[in-house]
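Worksheet: one structure, shown below.
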Amino acid sequence: MKVVALVSGGKDSCYAMMKCIQYGHQIVALANLMPADDSVDELDSYMYQTKTDTWIHKASRFMRHQKLSYRMTPGDEVEDMYILLNEVKRQIPSVTAVSSGAIASDYQRLRVESVCSRLGLVSLAYLWKQDQSLLLQEMITNGINAITVKVAAMGLEPGKHLGKEIAFLDPYLHKLKESYGINVCGEGGEYETLTLDCPLFVNARIVLDEFQVVLHSADSIAPVGVLHPLAFHLEYKAGSASLSGSRETENSIQEKTGLVFEVQGECPQNSEAMCLPVAEVTDSVEVTDNRLNISRRKKDNAFSICCWLQETQKTSAGLLDDLRVVLKQIESKLVRYGFDWGHVLYIHLYISDMNEFVVANETYVKFITHEKCPCGVPSRSTIELPLLEVGLGKAYIEVLVANDQSKRVLHVQSISCWAPSCIGPYSQATLHKEVLQMAGQLGLDPPTMTLCNGGPTVELEQALQNSEAVAKCFNCSISTSAIYFVVYCSTYVASSERLKIQEKLDAFLKQMRVWHFEERSMSKVLDPIFLFVLASNLPKSALVEIKPILYVTDDSETVSEIVQDLSCMKAPLHWGFQHADWHESCFQKCVVHEKICAVILSITCEIAARICSESLDASQSKDCQTSQADGGMGRLSRFCIYLLNKIIVENNFSWEDVTNLRLYFPTSLSMPMVTLSAIFSSAFDELAVMNPRMKIDGDSIFNLVPVLGAGRSATMDDIITCELFAQKS
């Protein structure tokens, strides 16, 4: 991509440009905002560094480029950046990305991303979330020669430490980190720098001849001082006879930077007039009630809504229309319950053809926008499923909704070395009531946003690393805090490779867990459970996608799985099922005492045969025999509900605590989804009659999901797989 770099003259923005070039981008412009009053020495801004204005006027020249600068206008500093970058786009239409040196500042990153989103630009922040000690050493090793021009931290003295090179100060900065906890890269405002030389400067380096130290605050603990350059000159480098020299060199940095343009001229002051809002959805698509199916799982603090269309060849309208109908129906349902998209925590988007992903996304963004979600857009996973094969429309959506807006959202749109960006209106993760829901993670290399080569296990490892990077932002780890993992495998993964995915997942988590034990002396962690789903296709034609669900404690207590003695709590026996030891082999569970209960229940062919072959009384035998018309599914549905009810009750939960219940079934059953839905609905109705405390208000309390295969293991050969999640309010 062709990039305009936001530069301050400091080490971070310069090194960010070097990283852009390393990953194949081309710097075509430098942009800087300066105070309108040249006499302003210190600008009260969380966004910009102002002590290095003079550098900007020279930088493009000793980079063998031309300059780009702009003076700040009165008003919001973010709007000034919008005006500046909009002018860059106007004069250099080929610009598609913006580089910034943000390392840890959410304030800065979010505002750059906001401006980029409004202008249709991609934010590049390759230093984001990097370990500052390693990053500082990397800068020094790679030729960043920068000096301090401002100090404002305990242990940094203006008369002693201003004008010193970062390579010289490196050991001392780490000493201050140990003593006072400062940021060694100065990300907390401890110091600012001026870059005198770096590999980008192919023509000349700056030599500071004379400077003056000005004390702004004589605070006895953390005095603030700035360095004023009084005189400097440019020292030409070998092969550069003059500032206008254009001789090509072998240096890769020089080859990739190209020509940086100078942009001058007045910009319109009304930035809002240039902002193109997302088009509102004003049209509607008619849908008959017999095509529309909605389920809702009621709960006090969170609930799920699911919507799908019953499809026939005559009623098929295409993905765009089907998705619009489903989104509109869910939106209407939310409004009816007193909520809106801002209350949504997570969205599962199932489509019939991943080749139409762009169409799906364009429709999606017309409903779910940043404006509608002031606390943050929901996280999302998008999967291609065999919807048409089971008589559904081309779009199917499930949303998890909270009854408040206390969620904490992580939405990083910038491309970085940290984790894959979410440029669209969905977040990397959403935390609500101690449960962290992560967006589906692919095996993408974060800085290039391309899938890793090497097959499904390589993609899986990268996806797990990406998930861990996200988890760290919430002070947890996928190896110690995961409740369960959903692993989506593409049908393009050979059956012989699927078990290797499971082995790789187990090995990765065990290795990470050992590291956490050694580093943090942790004694107990959650023992996660696993669900594998065989999907028709995944975004970017990935082979693997992983979705972790984590338990994040509000305090510093160690997460642990508590095995309760609940022998006194007996679940009632329904439909004549008796407890048997082999029932334990049908499910996995992860229970956090009095808080969370997660269950993955599998009905394989062997288990199904055993269920119907057990000794039954006459009426039950008749029930099993008459259910042959539906492939024995009536009996299997009752067993699933019986066992789930038993697990819930014996762990001191109730059906009112269930947030979501998904029932995965393979298309090999050759059973229409409406038929299967009726079978399970009937079984739940029977349970409600036998259990007066269970309330069913007419909406289905489960979501059926058609797949090519699913199960607790990577063989994914279940007849029915149940995924239940319950959480106490």
Side-chain angles (χ1 to χ4, degrees), residues 129-131 133-135 410 416-420 428-429 436-448 451-490 493-494 496-533 538 542-553 556-561 563 588-592 598 600 711-716:
K129 287 294 183 184
Q130 298 301 291
D131 180 278
S133 294
L134 297 177
L135 182 59
L410 177 66
S416 68
C417 296
W418 162 71
Q428 277 92 352
L436 183 65
Q437 305 268 357
M438 279 197 202
Q441 286 286 345
L442 304 178
L444 293 170
D445 176 46
T448 62
L451 287 169
C452 295
N453 296 321
T457 56
V458 175
E459 285 189 26
L460 174 67
E461 183 170 7
Q462 183 64 59
L464 289 167
Q465 291 173 358
N466 295 339
S467 300
E468 179 67 6
V470 173
K472 284 182 178 178
C473 294
F474 295 87
N475 299 315
C476 61
S477 168
I478 60 171
S479 66
T480 58
S481 302
I483 302 168
Y484 66 99
F485 293 88
V486 179
V487 183
Y488 297 103
C489 297
S490 168
V493 177
S496 59
E497 293 291 314
R498 294 171 191 169
L499 289 177
K500 293 180 181 179
I501 291 175
Q502 185 172 359
E503 293 169 358
K504 183 68 174 181
L505 177 58
D506 291 340
F508 184 95
L509 294 176
K510 287 178 181 177
Q511 184 178 2
M512 284 192 63
R513 196 169 296 164
V514 169
W515 181 85
H516 277 281
F517 284 152
E518 294 175 348
E519 292 292 318
R520 303 185 184 182
S521 301
M522 301 182 75
S523 58
K524 293 182 179 180
V525 298
L526 283 175
D527 187 14
I529 56 182
F530 303 92
L531 169 64
F532 293 85
V533 176
L538 299 172
L543 299 175
V544 180
E545 179 175 334
I546 191 161
K547 186 187 71 172
I549 295 89
L550 280 64
Y551 172 63
V552 181
T553 54
S556 59
E557 292 182 6
T558 302
V559 176
S560 61
E561 181 182 21
V563 180
Q588 294 176 328
K589 68 177 181 179
C590 181
V591 178
V592 179
I600 305 297
R712 289 181 297 144
S713 73
T715 56
M716 295 175 282

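Numbers here simply count residues along the sequence, with the first being 1.
Expressed to the nearest 0.5 Å, how far CG of L442 lies from OH of Y488 amounts to 11.5 Å. Remark: D445 CG to C417 SG distance equals 8.0 Å, nearest 0.5 Å. The distance from atom CG of L464 to atom CZ of F485, rounded to the nearest 0.5 Å, is 6.5 Å. Note that CD of Q465 is 5.0 Å distant from CD of E461, once rounded to the nearest 0.5 Å. Rounded to the nearest 0.5 Å, atoms OG (S467) and CE (M438) are 5.0 Å apart. The distance from atom CG of L505 to atom NZ of K510, rounded to the nearest 0.5 Å, is 10.5 Å.
Residues I478 and F508 have side chains in contact (heavy-atom distance under 4.5 Å, counting atoms from C-beta outward). When side chains are defined from C-beta on, M716 counts as touching C489, because their heavy atoms get closer than 4.5 Å. A heavy-atom distance below 4.5 Å is found between the side chains of Q437 and I549. Within the 4.5 Å cutoff, no side-chain heavy atoms of L538 are placed close to those of L543. Considering only heavy atoms from C-beta on, P456 stays 4.5 Å or farther from K504 through its side chain. With contacts defined as side-chain heavy-atom distances shorter than 4.5 Å, the pair L444/L451 qualifies. S479 places none of its side-chain heavy atoms less than 4.5 Å from the side chain of V525.
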Kindly determine whether Q502 and R498 satisfy side-chain contact (heavy atoms from CB on, under 4.5 Å), including the steps that lead there. CA-CA 7 Å; Q502 185 172 359; R498 294 171 191 169; over 6 Å; no
Could you go through the side-chain contact (heavy atoms from CB on, under 4.5 Å) check for V458 and N453 one step at a time? CA-CA 7 Å; V458 175; N453 296 321; over 6 Å; no
Evaluation steps, side-chain contact (heavy atoms from CB on, under 4.5 Å), between L526 and T480: CA-CA 6 Å; L526 283 175; T480 58; over 6 Å; no
Going through the checks in order, is the side-chain contact (heavy atoms from CB on, under 4.5 Å) test met by Q428 and W418? CA-CA 12 Å; Q428 277 92 352; W418 162 71; 3.8 Å; yes
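Across all their heavy atoms, C476 and E468 have their closest contact at O-OE2, 4.5 Å. Among all heavy-atom pairs drawn from S490 and A542, the shortest one is CB-O, 3.5 Å. Shown here for V533 and L531, the closest heavy-atom pair between the two residues is CG2-CG, 4.0 Å. Minimum interatomic distance between F474 and A429 (heavy atoms only, all atoms of both residues): CE1-CB, 3.8 Å. P528 and R513 make their closest contact through CD-NH2, 3.6 Å (heavy atoms, listed as atom of the first residue, atom of the second, distance).
With 3.5 Å as the limit, one finds a donor-acceptor pair spanning the side chains of Q462 and N466.
A salt bridge is defined here as a Lys NZ or Arg NE, NH1 or NH2 lying under 4.0 Å from an Asp or Glu carboxylate O, and E497 with K500 meets this definition.
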